[in-house]
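Heavy atoms only: backbone and side chains are in, while hydrogens, waters and symmetry mates are out. Start at 1 with the first residue, then count along the sequence.
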Amino acid sequence: MSTHHDFYLERAAEARRDAEATPLQNVRDRCLRAAEAWEQMAARVERTGRMRAETEARKAAMSELQVTE
């Protein structure tokens with residue numbers, strides 16, 4: 001996994017810790033929204049990496065077929 005993915009997950013965890021630590025509801029809500037946004041970014045990076053790997057595998061398979069012909 002990429003360092004971006006790990007970074008995003010660390011920020012999400014930090015935002016959730018901040019949400020648990022604050023007595024203010026509006027700050028808690030803001031922190032939870034931030035955590036959700038960080039988690040969405042992590043998921044996007046993961047999905048992009050998976051799609052990139054699939055594309056590269058498909059291209060490698062196609063070039064392998066062309067070489068054997």
Side-chain angles (χ1 to χ4, degrees):
M1 203 54 54
S2 75
T3 57
H4 288 105
H5 180 265
D6 296 338
F7 174 80
Y8 296 152
L9 291 179
E10 288 171 14
R11 295 294 73 78
E14 181 181 348
R16 290 200 182 278
R17 284 191 302 273
D18 291 346
E20 291 175 10
T22 186
L24 302 173
Q25 184 63 41
N26 61 329
V27 175
R28 184 178 308 112
D29 291 344
R30 184 192 67 206
C31 290
L32 292 174
R33 284 192 308 271
E36 186 175 322
W38 285 117
E39 289 164 349
Q40 288 173 359
M41 286 185 271
R44 193 174 307 128
V45 166
E46 184 178 357
R47 185 175 56 248
T48 300
R50 190 172 50 249
M51 290 172 64
R52 184 174 291 127
E54 290 170 0
T55 300
E56 290 174 5
R58 195 169 32 254
K59 285 180 182 179
M62 292 297 285
S63 68
E64 179 100 8
L65 284 174
Q66 290 175 352
V67 169
T68 60
E69 292 179 354

Handout entry: ring pair (Phe, Tyr, Trp, His ring centres under 6.0 Å): pairs with one or both residues in residues 12-32, sequence neighbours excluded
Key = none
Handout entry: Backbone of A19 reached by a side-chain donor or acceptor of T22 within 3.5 Å
Key = no
Completion exercise
Residues at least two apart in sequence or cross-chain that pass salt bridge (charged side-chain N to carboxylate O under 4.0 Å, His left out) with E10, listed by chain then number, are none
Practice task
Show which residues join V27 in its hydrophobic cluster (side-chain heavy-atom contacts under 4.5 Å, direct or indirect), or state none.
Solution key: L24
Exercise for the section: Return the set of residues passing side-chain hydrogen bond (donor to acceptor under 3.5 Å, both in side chains) with D18 (not counting sequence neighbours), or none when no residue passes. Expected result: none
Validation: residues 29-41 side-chain donor-acceptor distances under 3.5 Å, sequence neighbours left out:
| residue | atom | partner | partner atom | Å |
| --- | --- | --- | --- | --- |
| D29 | OD1 | Q25 | NE2 | 2.7 |
| E36 | OE2 | Q40 | NE2 | 3.4 |
| E39 | OE1 | R16 | NH2 | 3.0 |
| E39 | OE2 | R16 | NE | 3.1 |
| E39 | OE2 | R16 | NH2 | 3.3 |

Counting only pairs under 3.5 Å, give me each side-chain donor-acceptor contact of residues 48-55, with atom names and distances, residues two or more places apart or in other chains.
| residue | atom | partner | partner atom | Å |
| --- | --- | --- | --- | --- |
| T48 | OG1 | R44 | O | 2.8 |
| T55 | OG1 | M51 | O | 3.0 |

Practice task
Decide yes or no on salt bridge (Lys or Arg N to Asp or Glu O under 4.0 Å) for E14 and R11, but give the supporting numbers first.
Solution key: CA-CA 5 Å; E14 181 181 348; R11 295 294 73 78; 3.0 Å; yes
